[in-house]
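Chain A is the first sequence line, chain B the second, and so forth, proteins listed ahead of strands; every chain is numbered from 1.
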Amino acid sequence: MRNSPLSFSVNLKIDKSQNNSSQFDYWILFSIIFLCSFGLAMIYSSSNSLEMTIRQGAYFFLGLIGMLLLAFSNFRKMEVFYLHSFWPALFLLIIVLFFPSENSKTSRWIDLGLFTFQPSELMRFILPISAASFLTKNLKTKMKDMWLVIFVTLICFYLVVIQPDLGTSIIILLAGLLPVVISGFPWIYILFGGFLATLSLPLIWMSLYDYQKQRILTLFNPEADIYGAGWNIVQSKIAVGSGGLFGKGFLNGSQSQLNFIPESHSDFIFSVIAEEFGLLGISILFLIYGILIYRLLMVSFYSSNKFAKIVSGTLSIILLAYISINISMVIGLLPVVGMPLPFLSQGGTALVVNLLTIGIILSLRKEV
Amino acid sequence: MSIFDNKKETNETYRIVIFLSPFLILLFLASLQILNLSYFNADTFKTQSESNRLYQSKIIPQRGFIFDSKNTLLVENNIQQDLEINPSFIENPRIFLKQIADLLELNLNKIESDFYIRATGKSPNEPYILIKDLNEKQIAKLSVNLKKIKGAEIISSFSRNVIHKEIMAPVIGYVGNISREDVFNNPELSQFRSLKIGKTGVEKDFDSILRGNMGYRIQERDSNGKLIRNISLEPPIKGKDLRLSIDLDLQKKLFSDFKGRKGALVAIEPKTGLIRALISSPTYDPNLLNTINDYEEVKNLFADKDSPLFNRALSGQYPPASTLKPFVGMAALEAQTISWEKQITDSGEYYVEGDERPYKGWKEGGHGNVDMKKAIVESSDVYFYSLAYDLTINNLSPFLEKFGYGKQSGLTENEAKGILPSRKWKLGYIGEAWFKGDTINMGIGQGYITATPIQIALAYAALANKGEIVKPRIIEKVGNDSTEKVSKLSISLSDNKNWKRIEEALLGVVEASNGTANNIYDRSIRIAGKTGTAQVKSIGETEYKFLREDESLRDHALFVGYGPVEDPKLVVVAIIENGESGSAVAAPLVRKAINLYSKNEK
């Protein structure tokens, strides 16, 4: 138990050292603010819609407040709340299947009148915290608990797959399984699980929707159907490539300004950045992402608290997964799945959730 | 405990790094791919991105106008609004066509068939016109709704409008799309695709002048085909205007006398070779073909057994009949096988030694004793049978050739040559030796010989010019430049007085009481001319075969004349198919033409 005298004394010691340095990680805060502001500019550039940009700006503002509130909250007191917030998240995940927002083909959104939000986004945020909390309730994690978390994760995964939302379902899988494997799930089981997953690939292939299969096939030969399924990839590659070293300039990317890139303001926003700011812009973007992830990982590495380690580790990996998968898919390395670029892509729920994630990690930092 | 805790913590950090690494590797691969795209292949993608949004389109030049000799506008270009579609922007053709059909209240089936017909042979990026000549209501509806329909646009274009339609059709001709065959014949045309070129008449012969130069426009468009802005513009250059030698007034008044009868008329200024009137009947409305809106109508036009599209004045090959007699006479005078004074007895029939068959004259009982002048005035057949027999084909054909028989007139490449038979010709085309009887028939312009109306007119122009042969022209001015008279070789006779004497004989045809065209005698303007009655059964060109089958076998009426004889201003030939008598129906037309023209000239 974390309330043991030992861990208390450790915490006390670190608290002292933290008082010397900064209580708050400004590196993280500034990279977040930079990324989000840059994202707003790119959303404006690719959508030419001030309304959409302002809307995203409002989410950013809300998310930022939420992040700061979490960052300064007493994490210890919140842990029980996180543990049990899994249940309402699961409830919403089920609800969305029955009452999806009407103006969408998939049942991903819940319409709350004023705005819509994605329960799957909420779940991929709640699941790792709640799982970590569950797994660390005993000093030594019990195998039984691990199996239970795996089981619950698979249920959530399934619920998101049938929405259908392949991209987020992958993230859900990571969100639930990473706490398990980080907290010490035996390697032999992990390897066996990976082996099983590989075997079931044909089965997964068969269960995919035609459009999903098409996306995967397109990856290997996008030029086969330039005006059909390959359109996204081909146009997005043209955008990235034509950006060259220094890009075409803000609001000057012909590919995005003339709508050759579909979903340019959301999932494909990276190609707009590449087109308008070139290799130089991408390098700066990578640098900022690098700083952010490095600082987040440091929280995990330096934390002596197992719960904090698992949560910040999992959330950091998920963030990196989002970034790497999104970029790979935009430049044609991975099939097109619905996966936004963190802090940059348009999408209110994702932005708020990402900001809250950072807030959690910042609050865990105090646990170091 | 503390050691155990520490070990466990490192184990977790270790695991975090392990599960982080796949995504780091992925990001590393992505970086390589980005470098590949935007550094090593940037130029390729830059070009692709340019071609993605830039569209080059042609701007069709306005075709030159055509005026008559008095600067009356004959052919203009109407501006019309068409619906142009770009197939590469159409996502679902069925839905697209349904939307268009509903909006314009048009028949969906017709639009669909047009869509597929016109799309064939074009690249998917090439825009083309789906619906021509939109009316105001359609334009209003479209301009409101077009934003919602991808791949369609209203564009203005020109449609060729021949103002006097049927009257001018044989002269002007019509325009149409460039066919594969056109490009094959003239590879230069391939750059003018989507332009209309002249298919017949002046439109065809002077196409390169009327056509003008293409303009080009480079436009930036978005992925939906919506125009963003014009990048560059090279304006088209309008084709040059043409001024024809045709006198619209004259043409109109003469045309009205055809009253739907089949035939042709050519009126040429003998001194200049300028054609003042050119009529072919029946005719057609060239605007039907200039803007094909109804394929059925066009099909009917092409299938019409009276072949209205056929230019009889330039390509109708008729036996010259008695109009040839003055030339046969002159040939005999040149060969000295006859003199002006020598008389031949015409008893109505002519016999060749050793042949029982009679060659009949048109007049029962004959003309009695006839000399050359009387033979021309009364159109004695027997006299010319005898002349031709003595002359032989070897002397006759070369002489007729000098007057342009058997050769194109040089007005256009698309006219018939007629047939000037010779021994060689008959052997080659018919596969038989030449018989004396063939020469006898040819003496009265029958048998194998055929000529086009314009050839006959030019031969008589040479008579009016006393030997000077001029090249016919139908264009007076190209832009601001006048065309010049071209005269070919002059024909010289052994006795130049013969020109005058032939003219006197031709005057007699009209002015003598026994003249065959005495009915058009008019003291004020003296006309020299010759009647002719061509036997239908001897018409022998492929285009005309069906005419023989379908129409009655009545003879064609011919008259050719020039006047005023003191200073010939106009040579006119008129042919009325199945008109029976040249003097009754054709001669009055010639008289009318010369009278009208002479009065106008004063």
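- At a 4.5 Å heavy-atom cutoff, the contact between A:Ile325 and chain B is made by backbone and side-chain atoms alike.
- One finds the CG atom of B:Asn41 at 12.0 Å from the OG atom of A:Ser242 (value rounded to the nearest 0.5 Å).
- Put simply, CD1 on B:Ile16 and OG1 on A:Thr314 are 7.0 Å apart, with the number rounded to the nearest 0.5 Å.
- Surrounding CG of A:Leu191 are more than 12 heavy atoms belonging to other residues, nucleotides or ligands, all under 6.0 Å away.
- In this structure, chain B has a heavy atom under 4.5 Å from the side chain of A:Leu174, while its backbone stays farther away.
- Between chain B and the options A:Gly313, A:Gly243, A:Gly278, A:Ala321, the largest number of non-hydrogen pairs under 4.5 Å is found for A:Ala321.
- Contacts of residues 96-109 of chain B with chain A at a heavy-atom distance below 4.5 Å are absent; not one residue qualifies.
- Atoms NZ and OG1, on A:Lys237 and B:Thr44 in that order, are 12.0 Å from each other to the nearest 0.5 Å.
- Chain A is approached within less than 4.5 Å, heavy atom to heavy atom, by B:Val17, B:Ile18, B:Phe19, B:Leu20, B:Phe23, B:Leu24, B:Leu26, B:Leu27, B:Leu29, B:Ala30, B:Ser31, B:Gln33 from residues 17-33 of chain B, ordered by number.
- Residues in residues 284-300 of chain A take part in these side-chain hydrogen bond (donor to acceptor under 3.5 Å, both in side chains) pairs, two or more places apart or across chains: A:Asp25-A:Arg295.
- In the displayed structure, A:Phe286 atom CZ is contacted under 6.0 Å by more than 12 heavy atoms of other residues, nucleotides or ligands.
- With a 4.5 angstrom heavy-atom cutoff, A:Ile182 touches chain B via backbone and side-chain atoms both.
- Of the atoms belonging to A:Ile318, not a single heavy atom falls under 4.5 Å from chain B.
- Note: B:Glu12 CD to A:Thr141 OG1 = 7.5 Å, rounded to the nearest 0.5 Å.
- Heavy atoms closer than 4.5 Å to chain B are found nowhere in A:Phe246, neither backbone nor side chain.
- Taking B:Ser179 as the reference, B:Glu181, B:Asp182, B:Lys199 meet the side chain to side chain contact (heavy atoms under 4.5 Å, CB included) condition, with sequence neighbours excluded.
- Within the model, atoms CG of B:Leu37 and CD1 of A:Ile331 stand 6.5 Å from one another, a figure rounded to the nearest 0.5 Å.
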